[in-house]
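Everything on this sheet refers to the single structure shown next.
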Amino acid sequence: MQGRLSLPTLCHFLLPWAFTTLHRTLGDPASHPGPHYLLPPIHEVIHSRRGATTTLPCVLGAPPPSYKVRWSKVEPGELRETPILITNGLQARGYGPLGGRARMRRGHRLDASLVIAGVRLEDEGRYRCELINGIEDESVALTLRLEGVVFPYQPSRGRYQFNYYEAKQACEEQDGRLATYSQLYQAWTEGLDWCNAGWLLEGSVRYPVLTARAPCGGRGRPGIRSYGPRDRKRDRYDAFCFTSALTGHVFFVPGRLTLSEAHAACRRRGATVAKVGHLYAAWKFSGLDQCDGGWLADGSVRFPITTPRPRCGGLPDPGVRSFGFPRPQQAAYGTYCYSE
């Protein structure tokens, strides 16, 4: 009968539709990735302090037939990763200076977590736990963040004397390292207001402003002012340094001492003259409050104030006050000593 479709013709039209519908219902196997063995971390940011032992979690939901786990550190500002440790679940091998302080936690047979002993300032950053099974590699990323304090630093000869590499060295000499942008931002939210630009670890130059004012970038909104990336060898600025909790302690020795007498006074007590980073860390983490200027190892004179009060620096906020760099022969100050 005209107008009717034959069975073969009907199948010709309906079968592709049926297979397409079934395909969409069941899903395309090629569109689904293979099994994911690594569990997502509960916390992607791990907080610690210098000197502590910390754990970066990495756990398998199920073990592949054969695999390796590789831990690496993503270097800031560089397109490379530094290997730390590789394990096959039974044996592990460490690499580099961090590998000597790192080990696997091995809390259970699916535990690939990394334990770092004696955390150092340079350990802060981003880490990757990568599962290598020869078919489809996968990884999780974690950030180790140290509790610490950022302090601006310039040498005795005045402001804007450091290129990037000199700023990096200056921070290390004062028991710190160049601060990252995120560390400077955190310090700004906690009250750091500073009108001199300084190098950061990523190679940018910035300064934090809480109270906008004409001599300090204009009267715009408060924030982190940026000079952007600069020439690391040619351009010269101050430095923003970062330090964390101390493994030793800082104490004050009163007197009217020259700088050389300050060194002798600390040695007699089994200590050394404190560095700038030591004093900031003691102020931040130990609540050191001393309304007396004291020599530090770089030749500056400073004092830490936790509870602001009249006739003790004259400023309304807590902080480390500075008398600058007096003549080393000037016998007018005590000293701050540091002992492990």
Pairing residues for Phe323 by the ring-ring contact (aromatic ring centres under 6.0 Å, His included) criterion, not counting sequence neighbours:
Phe303, Tyr333

By the rule that ILVMFWY residues connect when side-chain heavy atoms come within less than 4.5 angstrom, directly or transitively, which residues belong alongside Val59?
Leu39

Do we see a donor-acceptor contact under 3.5 Å between the side chains of Thr143 and Glu44?
no

Any donor and acceptor pair, going by atom type alone, linking the side chain of Thr55 with main-chain N or O of Pro57 inside 3.5 Å?
no

Testing the 3.5 Å rule here: is there a donor-acceptor pair between the side chains of Gln161 and Glu166?
no

I want to check something: taking the side chain as every heavy atom from C-beta on, are Asp238 and Tyr160 in contact at a cut-off of under 4.5 Å?
yes

Using modelled atom types and a 3.5 Å cut-off, is there a donor and acceptor pairing between side-chain atoms of Glu75 and backbone atoms of Arg80?
no

Is the side chain of Ser244 donor-acceptor paired with the backbone N or O of Glu147 at a distance under 3.5 Å, no angle test?
yes

Output for pair (Lys168 NZ, Glu172 CD), nearest 0.5 Å, gives 4.5 Å

Is Trp295 reachable from Val253 through a run of hydrophobic residues whose side-chain heavy atoms are each under 4.5 Å from the next?
no

Minimum side-chain heavy-atom gap Arg206-Tyr181 below 4.5 Å
yes

Could you walk me through whether Arg145 and Ile46 pass the side-chain contact (heavy atoms from CB on, under 4.5 Å) test, one step at a time?
CA-CA 6 Å; Arg145 186 165 295 163; Ile46 308 301; over 6 Å; no

Please report the interatomic distance CG(Leu110) to CG(Leu60), rounded to the nearest 0.5 Å.
6.0 Å

Do the side chains of Arg106 and Asp111 get close enough for a salt bridge, i.e. N-O under 4.0 angstrom?
no

Would you say Arg213 and Thr211 are linked by a side-chain donor-acceptor pair, where the criterion is simply a distance under 3.5 Å?
no

Ser139 side chain to Glu130 side chain, donor-acceptor N/O pair below 3.5 angstrom:
no

Would you confirm whether Ser322, through its side chain, and Gly324, through its main-chain N or O, come within 3.5 Å as a donor-acceptor pair?
yes

Pairs involving residues 201-247, ordered by first then second residue, that meet disulfide bond (SG atoms under 2.5 Å apart) (sequence neighbours left out):
Cys171-Cys241, Cys195-Cys216

Any Leu142 side-chain heavy atom under 4.5 Å of Leu114 side chain:
no

Do other residues, nucleotides or ligands put more than 12 heavy atoms under 6.0 Å from His108 NE2?
yes

Does some side-chain heavy atom of Pro208 sit less than 4.5 Å from a side-chain heavy atom of Val150?
no

Would the distance check show the side chain of Ser113 and the main-chain N or O of Cys58 forming a donor-acceptor pair, the cut-off being under 3.5 Å?
yes

Just to verify, which of Lys275, Gln290, His278 counts as forming a side-chain contact (heavy atoms from CB on, under 4.5 Å) with Tyr336?
Gln290

Heavy-atom distance under 4.5 Å between the side chains of Pro155 and Phe162, does that happen here?
yes

Less than 4.5 Å apart, any side-chain heavy atom of Thr307 and any of Ile305?
no

For the CG atom on Leu315, are there more than 12 heavy atoms of other groups (residues, nucleotides or ligands in this structure) within a distance under 6.0 Å?
yes

Does the side chain of Gln330 reach to within under 4.5 Å of the side chain of Thr258, using non-hydrogen atoms?
no

Counting distance only, does the side-chain N/O of Gln183 pair as donor-acceptor with the main-chain N or O of Thr180 below 3.5 Å?
yes

Fit a plane to each ring of Trp188 and Tyr185, take the angle between them on a 0 to 90° scale, and name the class: parallel (under 30°), tilted (30 to 60°) or perpendicular (over 60°).
tilted

To the nearest 0.5 Å, how far apart are CD in Glu261 and OG1 in Thr335?
11.0 Å

If we only count heavy atoms from C-beta on, is the Val301 to Leu296 side-chain gap below 4.5 Å?
no

Classify the side-chain pair Tyr164/Arg230 by whether it contains a donor and acceptor separated by less than 3.5 Å.
no

Are Tyr207 and Trp194 an aromatic pair, judged by ring center distance below 6.0 Å?
no

Start with the C-alpha distance between Tyr37 and Glu138, add both sets of side-chain angles, then the distance that settles side-chain contact (heavy atoms from CB on, under 4.5 Å), and finish with yes or no.
CA-CA 8 Å; Tyr37 295 104; Glu138 55 187 275; 3.8 Å; yes

ring-ring contact (aromatic ring centres under 6.0 Å, His included) partners of Tyr127, counting only residues at least two apart
none

Is Asp289 salt-bridged to Arg309, cutoff N-O under 4.0 Å?
yes

Strictly under 6.0 Å, is that where the ring centroids of Phe242 and Phe151 end up?
no

In a table with atom names and distances, give each donor-acceptor pair under 3.5 Å that connects a side chain of residues 115-123 to protein atoms at least two apart or in another chain.
residue: Asp123; atom: OD1; partner: Arg101; partner atom: NH2; Å: 3.0
residue: Asp123; atom: OD2; partner: Arg101; partner atom: NH1; Å: 2.9
residue: Asp123; atom: OD2; partner: Arg101; partner atom: NH2; Å: 3.2
residue: Asp123; atom: OD2; partner: Arg120; partner atom: N; Å: 2.8

Any Lys/Arg nitrogen of Arg50 or Asp175 sitting under 4.0 Å from an Asp/Glu carboxylate oxygen of the other?
yes

Remaining members of hydrophobic cluster (4.5 Å side-chain criterion), Ile86:
Tyr95

Please determine, by modelled atom types, if Thr87 and Arg70 share a side-chain donor-acceptor pair under 3.5 angstrom.
no

Less than 4.0 Å between a side-chain N and a carboxylate O, is that true for Glu81 and Lys73?
no

